[in-house]
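Input: a single structure, listed below in structure tokens.
Not measured: the values here are computed from a predicted model.
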2 protein chains.
Amino acid sequence: MQKYFDVLKKCALFHGIEENNLSSLLTCLGARVLNFDKKEAIFYEGDPAKHLGIVLSGSAQIITDDYLGNRSIVSTIEPSDLFAESFACAEAESIPVDIIASSKCSVMLIDCGHIMYTCSNTCAFHQQMIFNLMKDLAQKNIRFHQKAEITGKRSTREKLLAYLSQEAKKNKAREFDIPFNRQELADYLEVERSGLSAEISRMVKEGIIENRKNHFVLADGR
Amino acid sequence: MQKYFDVLKKCALFHGIEENNLSSLLTCLGARVLNFDKKEAIFYEGDPAKHLGIVLSGSAQIITDDYLGNRSIVSTIEPSDLFAESFACAEAESIPVDIIASSKCSVMLIDCGHIMYTCSNTCAFHQQMIFNLMKDLAQKNIRFHQKAEITGKRSTREKLLAYLSQEAKKNKAREFDIPFNRQELADYLEVERSGLSAEISRMVKEGIIENRKNHFVLADGR
DNA sequence: GAAATTCCGTTGAAATTTCAACAGAAGAGG
DNA sequence: CCTCTTCTGTTGAAATTTCAACGGAATTTC
């Protein structure tokens with residue numbers, strides 16, 4: 001696990017915890033590392049919600065498919081991001097989403113009960129981790145609001161613009177790459193792929209954006 | 001404040017805290033009670049995110065309006081519900097939503113910093129409250145997933161059915177009242193009011209639902 | 001209880017999105 | 001370098017949603 005310490009240090013769960021305590025802490029928590037190939041499921045909908053995860057390398061997507069095969073990408077997760085912590089912390093029965101590796105990736109799994117309840121004898125970091133979880137969950141909540149600001153828009157153009165604006169702000173630049181291909185972007189914005197392609201073409205023609213593959217440039221004042 | 005103790009006891013923030021400790025705890029936290037008339041704003045978008053709130057009586061709605069006047073109702077809150085805790089716990093600059101009284105109501109406001117940091121000398125309940133906040137935030141996260149399952153549907157009918165199914169499950173009954181009028185329901189589902197009305201009519205004709213005002217009955221097997 | 005206001009279903013036209021299908025581009029594998 | 005697969009833009013038709021407008025029902029106000 002040693003080799004992942006740089007990633008783990010950045011993980012919100014371990015804020016305020018010294019790196020030299022990490023090793024024993026992880027042992028105490030019973031942390032495991034698992035590896036997945038691209039497109040493999042890290043969790044399936046319906047899996048028990050006992051564990052939270054940390055992405056160590058690669059990336060994954062939180063996905064819901066409805067019974068008609070409509071796919072919706074809730075979010076993407078990257079190294080040092082936590083995932084499934086909401087379900088574990090809420091002590092939900094099971095996970096309501098699929099979590100799918102979008103590239104070869106490795107993740108660390110921790111039984112959330114070990115953080116919230118047991119183990120308080122051996123290591124003194126539980127209060128810190130609970131505090132960290134609280135902040136992480138609050139931030140995830142805010143991100144949901146931001147996502148809702150995108151998907152709540154009524155038209156494809158508005159959704160795309162809302163999304164690109166957020167990305168531009170996040171990257172502090174009018175020019176950036178997005179972590180989606182066309183189909184995925186459509187699933188994230190919750191629109192039709194072909195309609196999205198058409199809309200992108202129109203917006204390029206109108207000079208509102210520039211685009212090549214997953215690289216976008218926003219015109220001034222967007 | 002005494003008269004609100006029954007409501008406060010049920011509030012997730014105070015789980016595991018004895019009622020006879022509540023009074024001194026609230027003093028320690030600097031809790032204030034404010035009253036609002038129907039349609040009055042409890043918070044405006046842009047207000048500082050220092051305080052979390054607890055609904056004591058009446059009800060309110062979390063709302064986002066975009067620059068085109070498109071309104072979206074994120075959620076409704078009722079007595080003993082927490083609100084704005086995500087923004088306060090995440091130490092966000094400001095609140096990204098409006099919170100509007102949907103009836104005459106009173107709310108308690110608590111400076112979140114008092115829960116997370118200071119005051120640890122006088123009262124021993126901070127760890128408990130932080131733990132409670134963590135669980136509350138995790139549950140709110142799950143509710144966002146549920147909301148997304150509704151708004152992520154592509155058609156008005158699908159959205160309405162997803163919403164009504166959730167309500168039926170929540171009420172453990174095929175028959176229930178919803179906390180919205182038509183315009184509000186449309187804003188919650190993120191569709192057009194007139195289209196929603198038309199869709200409801202069609203579904204009634206088809207025998208899928210029964211409806212009178214805000215009372216709905218789902219047919220078997222929904 | 002009368003008047004004023006808000007709420008709600010309906011409707012038809014306009015705009016948008018979805019769907020299905022296809023062909024060229026790009027990428028992966030051998 | 002060739003083949004096979006996946007990805008993407010385009011297009012036209014069908015379906016759905018939005019928009020604007022109206023009148024009647026229901027509710028609020030005084």
Inset, instruction - Mind calculating the distance between CZ (B/Phe180) and P (C/dT6) to the nearest angstrom? - result: 21 Å

Inset, instruction - Return yes if a side-chain donor-acceptor contact under 3.5 Å exists between B/Asp111 and B/His51, otherwise no. - result: no

Legend entry - the helix from C/dG1-D/dC30 to C/dG30-D/dC1: angle between end helix axes, five pairs per end, rounded to 10 degrees: 70°

Legend entry - Close side-chain approach of B/Phe87 and A/His145, heavy atoms under 4.5 Å: yes

Legend entry - A/Lys147 to A/Tyr188 six-membered ring, cation-pi geometry met (6.0 Å, 45°): yes

Inset, instruction - Could you pick out which residue, B/Val191 or A/Lys39, lies toward the 5' side of DNA chain D when each is mapped onto its nearest nucleotide? - result: A/Lys39

Inset, instruction - Just call it for B/Ser197: base, sugar-phosphate, or nothing, with non-hydrogen atoms closer than 4.0 Å on any strand. - result: base

Legend entry - Base C/dG9 to side chain B/Arg202, donor-acceptor N/O within 3.5 Å cut-off: no

Inset, instruction - Name the first nucleotide and the last nucleotide along DNA chain D (5' to 3') that come under 4.0 Å of a heavy atom in chain A. - result: D/dT8 to D/dT18

Legend entry - Side chains of B/Glu85 and B/Leu13 in contact at under 4.5 Å (non-hydrogen atoms): no

Inset, instruction - Identify whether any heavy atom of A/Arg154 sits under 4.0 Å from a base atom; if not, whether one sits that close to sugar-phosphate; answer base, sugar-phosphate or nothing. - result: sugar-phosphate

Legend entry - Lys/Arg N to Asp/Glu carboxylate O, A/Glu206 vs A/Arg157, below 4.0 Å: yes

Legend entry - Length of the line joining B/Leu196:CG and C/dC8:C1', which is rounded to integer Å: 11 Å

Inset, instruction - Find out whether A/Leu52 and A/Ile115 are in side-chain contact, i.e. whether some heavy atom of one side chain is under 4.5 Å from a heavy atom of the other. - result: yes

Legend entry - Close side-chain approach of B/Val107 and B/Val33, heavy atoms under 4.5 Å: no

Legend entry - B/Ile150 side chain near B/Gln146 side chain, heavy-atom distance below 4.5 Å: no

Inset, instruction - Would you indicate what B/Thr156 reaches in the nucleic acid, counting non-hydrogen atoms under 4.0 angstrom: base, sugar-phosphate, or nothing? - result: sugar-phosphate

Inset, instruction - Could you check if a side-chain atom of B/Ile99 sits within less than 4.5 angstrom of a side-chain atom of B/Ile77, using non-hydrogen atoms only? - result: yes

Inset, instruction - State, yes or no, whether a side-chain contact exists between A/Ile42 and A/Cys105 at a heavy-atom distance under 4.5 Å. - result: yes

Legend entry - Validation row: B/Ser23, B/Phe5 side chains within 4.5 angstrom (heavy atoms): yes

Legend entry - Whole-Å gap separating P (C/dC8) and CG (B/Asp187): 12 Å

Legend entry - Position toward the 5' end of DNA chain C (nearest nucleotide), B/Ile200 or A/Glu199: B/Ile200

Nucleotides 24-30 of chain C: which of its N/O atoms have a protein N/O under 3.5 Å away?
unit_1	atom_1	unit_2	atom_2	d
C/dG27	OP1	A/Lys213	NZ	2.8

